[in-house]
Structures are given as structure tokens and as C-alpha cells.
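Let me begin by presenting the structure, written as C-alpha cells, before commenting on it.
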There are 2 protein chains.
Amino acid sequence: MVSNKFITPDGYTSDIAVFTITSESNGQYKPLKKNLKIMLIKRSDRDHEGKLNIEAGKWALPGGFVRSSETAIQAAERKLYEETGVSGLRIKHFGVYDSPGRDERGWILSNAHYVIANEEFLKSRKTTKHASDIQLFTIEDALELNLAFDHRQIIDDAIWFIKKDMALTTLAKHFLPKEFVLSELQGVLLTVLDDPSIKADAAFFRKAPTLPFLEAVTENGKLKKSNRYSKTPAQLYRFNDFQPITSVYSNKLKG
Amino acid sequence: MVSNKFITPDGYTSDIAVFTITSESNGQYKPLKKNLKIMLIKRSDRDHEGKLNIEAGKWALPGGFVRSSETAIQAAERKLYEETGVSGLRIKHFGVYDSPGRDERGWILSNAHYVIANEEFLKSRKTTKHASDIQLFTIEDALELNLAFDHRQIIDDAIWFIKKDMALTTLAKHFLPKEFVLSELQGVLLTVLDDPSIKADAAFFRKAPTLPFLEAVTENGKLKKSNRYSKTPAQLYRFNDFQPITSVYSNKLKG
DNA sequence: AGAATAGTGTCTGTTAGACACTATGTG
DNA sequence: CACATAGTGTCTAACAGACACTATTCT
């Protein structure tokens, strides 16, 4: 029944869900309108050898086949750069998709990752793709598209993971500039999390400065402020290297 | 450079780290000595076709090749049953191991999972293996063995994941009987976590009954007690379906 | 002055942590 | 009665949450 050769998959791909939070100006001295977005690419009609491409024309996660000389993470890095011009970001594995029949070409595994990019970083990238073939979508819009393969499921799962990581780790820092104002942090958190104690201004502004993974920025011995988003100068903060650990059995943050 | 065939891996395996917490009696009416252990199997000299096996004689995680008609999770279930007699447990994915060169037979991917089994459950299993070829090791002992492939790394990572899940989810319930006494829960948590507020008896006994995912067991309208581990009858608790959610930005448990 | 953002003052109720104390049952 | 486990009483300091208040700056 079982052959004496190993049972070999027909392919191993690495796919990447690239998230960013876009900021729309809301007027001068106002906090920005923030929106969680995902970067998708339109599958071209033909591959790089000129052959008809599968799932052509559909929107899909960037990614592609892993080579035997690299890991899926390395492949993700390479494909991300080739397809979207993005590089240098922390790539995080979150799942494997291997249901029989998920790809009609055969038994093809997908190793799925997510990446958080801050908006400024994305703007500075260069890509060979036509701009219309690579776009940022809001999550709702993305999930309404006719997506290639099982990428809808993968995106769904990716969102669940970044929500979890946003709540449990200092993931928010990847969406923010090095130095930021509390209302920016609050905005980032609220695009992903729905937590009354983050929403409540007084509570958040009182709590945030005490968080062990945040520190006020100083300059020449004085607190550094910014009035990017308000007339009142607001204190700048940065993340430090503290890795908070929570537990359901006790509610003190540990490092 | 790239062939027109897909780049195909030479194999796709599913490996499972099976954890349990063993309890040694410490004397009558005493809490038990608990220890986190991992189940490993000794790779046999020849495979089921009689051919020489790779990494023969070394200790390894249970697992094996995934078939094209199943997912890695299903393969994990199947191999776990075939190799160790364990079935019916929740299998959780935690990583993929795909470094070139990790398996000298070729380009072989490992999809890694963990499983939590409670000790009583493990005792009741049946297996075709010789008892000496399948054993429970403490974590320290396991990491000192000469393990097959990169299974040392996989075990290391698995431990990290169960620590995290033990702290952040109600994972502890899989190590416990349906109804348990607070000192049992405390014992389970302490085998994996090092948290002063769990260690401190008074604090733990006061806090635990208020946790939203625990409830006191009643019988005929009365609180159900047990004196399994103490002369004083102790209240029995069970986990309910509450899924606690924590956050580093606020320290109220949400569901 | 008016408007908007960024905080702070203050009160109330809850909780963690420490430590001493009580409760229950065995031998 | 001694002892071990399973809690509870009580105090203190800290903190969350609510709501009103002040501070700063631009127009």
C-alpha cells in the first residue's frame, strides 16, 4: 500500500500577510484616522516563464515556492522583496495550510506568516509591480474579494493572531514610529483591540506612562514633547526592551 | 535556473511532543509530587518494510510521514495512535522545522505539534511497542539524550509553548481530572510556571475561587468536597467554558 | 474668548500581598 | 493533643474607573 519512496508533497510555499495601519489626516492638530490594512497582490496571467498562471487575476497573499536551500522564513523574505519591494521586517510564522485539495495543482503546503509594517516604511519601498496590482485593503474589503486558494482562511487566521499578539506583546511598536505620543499608541491599539480601558481617555493616559515597557523620551535632560497632533505639547514615549508576560492566574505584569 | 516543475520537498512529516504531569504519592493525605514529562519513543533498527531505519536507536518524538490524503493534524492523530496507543486528545500545532540539512535523507519538513495528556489517560492506553521503547522522561533528562534529527530544538520550543499556554489559557485543565482540588491545580501550575502569587498558599487559595473560568462543584445543592490529599475536606472545582483573555495594557480578565 | 487635545485631582470600590489566625480531621 | 492541610480575618498600599477639573496652544 505504501510505496517504498517517501510520500512527497508537490510543493511547499511560503505566504505572507503584510499588515499596516494607515493614517489619514483628520485636519491639522488632530489625531489621525487609523485603519488596519492588509497588502495583497493581483496574480498575473502568466508566470515568469510565460506560462498561464493558476488563479490568475485573483487577489492573493504575496508568497511563492520555497527552495530546498532555504527555510520558509527566508523564502518569505525573498518573495516579499521580489513581489512587493518590502524587506528588513520581522516575519512571524503562525500556521500551516495543508488540507488536501486546497490547491488544484496538487498536494501543496503553505507555510503562513505575518509581517507588521509601519506605513512610512511601506511608502518608501520600490517594486517592479504595476501599482494597480499591489494594493492595501481594509480587512472588511479584503474578505469580500474573490481570493486565490484558501487565502481567505489564512487572512482570517492571521487577523486573529495579530489581535492576540497586539494584546499580549509589544507588537504595537512595529506600527509606530520610534517616538510617539500616547494618542498615537491608543489609536493603533484601537484599530485592532476593543477594550474599554484603552478607549477611556483618562484611564489610558493615566495608565500608559506606568507601563514597564514604555518610557518617556527626554532630550537634554528635559522631557521631549511634540505637538504633531495637538496644540498642547504632548509627551513622547518609546518602547524599551521589556518583554511583558501576563497570566490568567495573576494580574501583575512580569518581565 | 528554476525548473519548470515545482520545487518539491522530499517528505512532509508530522511530529508530536506528548506532555504529561506525573504524580508520585508523597504519603497518605499529602499533596502529590508532580513532574512535567515528555513521551519519547526509541527509533527501531528497521522500518515496517524491514529496511534499515535512519537515526535508529535514538530517542525521538512520535510522528511520521503525512499522507497526501490527510492533514498534518490527522497524521499526528494516526501516528500517535499507531506508535503510542494514545488517541482522542487535542493536538496543537506550534511550528514548522524546515532548515536545509535537518534530515540527511533529503529535504524533509516537520510540522510540529504538542499534546497534553493527563496521567491516568496515558496509563490506560494500549500499544504494540515494547515498553522499553516508549518512555516518559523529565524535561531535563530528555534534553540530555542523544535525540534524533533536530528533535532537541523541537522539544525546547514545545516547552516554551506549553509554558506560554499554561499561563495564558486554561491549558491546565488537560493535566487534571474533571474535578480537582485547588492544591492539585496549584501543583500543576507550579510544575511549569514560576510565579510567586501561585506559590504563596494564602494568596492562591484566596484568588483561585474568584477566577471566572473555575467553578466550585456542588452535589445535591451542597458544595462537594474531597479529602484525597488532606484530612480537612477540600472543595472540588472544575473548569467551565470561559476563555480568559488578558492584555498587557489592562489587567482585567475578559472573556 | 472658544475650541480641542492632553493631561491631573480626587474619590470610591476592589484587589494583591503579608501574616496571623481558625477549621477540620487523623493518629 | 500534635500536626498537617485548607482555608479565613484583617490590615495596608496600590490601583482601576469615573468624573470633574486644569493646562496649553491655536485661531
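Computed from a prediction, not measured in an experiment: that's the story for all the values here. Proteins get letters first, then strands, A, B, ... in listed order; numbering begins at 1 in each.
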Rounded distance (Å) that lies between atom [atom2] of [N] and atom [atom1] of [X]:
X: Leu185(A); N: dG7(C); atom1: CG; atom2: P; result: 12 Å
X: Phe205(A); N: dT5(C); atom1: CZ; atom2: C1'; result: 8 Å
X: Leu236(B); N: dA6(D); atom1: CG; atom2: P; result: 12 Å
X: Lys231(A); N: dT25(D); atom1: NZ; atom2: P; result: 12 Å
X: Lys225(A); N: dT24(D); atom1: NZ; atom2: C1'; result: 10 Å
X: Glu184(A); N: dT5(C); atom1: CD; atom2: P; result: 14 Å
X: Gln235(B); N: dG7(D); atom1: CD; atom2: P; result: 7 Å
X: Leu223(A); N: dG7(C); atom1: CG; atom2: P; result: 10 Å

Next on the checklist: Between Glu83(A) (side chain only) and Gly63(A) (backbone N and O only), is there a donor and an acceptor less than 3.5 Å apart?
Outcome noted: yes

Checklist entry - Which listed nucleotide (dA4(D), dT25(D), dG7(C)) is nearest to the side chain of Lys30(B)? => result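 Of dA4(D), dT25(D), dG7(C), dA4(D) is nearest to the side chain of Lys30(B).
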
Item to check | Listed nucleotide nearest any side-chain atom of Pro31(A), set dT5(C), dT24(D), dT5(D) | outcome: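 Closest of the options to the side chain of Pro31(A): dT5(C).
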
Checklist entry - Counting only heavy atoms not in Tyr81(A), do more than 12 sit closer than 6.0 Å to its OH atom? => result no

Checklist entry - If you look at every strand shown and take non-hydrogen atoms under 4.0 Å, does Thr232(B) touch a base, only sugar-phosphate, or nothing? => result base

Next on the checklist: Once you apply a heavy-atom cut-off of 4.0 Å, does Pro196(A) come out as touching a base, just sugar-phosphate, or nothing?
Outcome noted: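 Result for Pro196(A) = nothing.
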
Checklist entry - Could Lys37(A) and Asp141(A) be called an ion pair, given the rule that one side-chain N must be under 4.0 Å from one carboxylate O? => result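 No, Lys37(A) and Asp141(A) are not salt-bridged.
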
Next on the checklist: Strictly below 4.0 Å, N to O, side chains only: are Lys199(A) and Asp194(A) in salt-bridge contact?
Outcome noted: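 The answer is yes: the pair qualifies as a salt bridge.
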
Checklist entry - Below 6.0 angstrom between ring centroids: does that apply to Tyr237(B) and Phe213(B)? => result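 Aromatic pair excluded; centres sit 6.0 Å or further apart.
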
Item to check | Phe239(A) ring center near Phe180(A) ring center (under 6.0 Å) | outcome: yes

Item to check | Per-nucleotide protein contact string for nucleotides 12-22 of chain D (B base, S sugar-phosphate only, - none; heavy atom under 4.0 Å) | outcome: ----SSBB---

Checklist entry - Going by heavy atoms in the side chains, are Lys79(B) and Ser14(B) under 4.5 Å from each other? => result no

Checklist entry - Distance check: side-chain N/O of Ser230(B) vs OP1/OP2 of dT24(C), anything under 4.0 Å? => result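 No, because none of the side-chain N or O atoms of Ser230(B) sits under 4.0 Å from OP1 or OP2 of dT24(C).
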
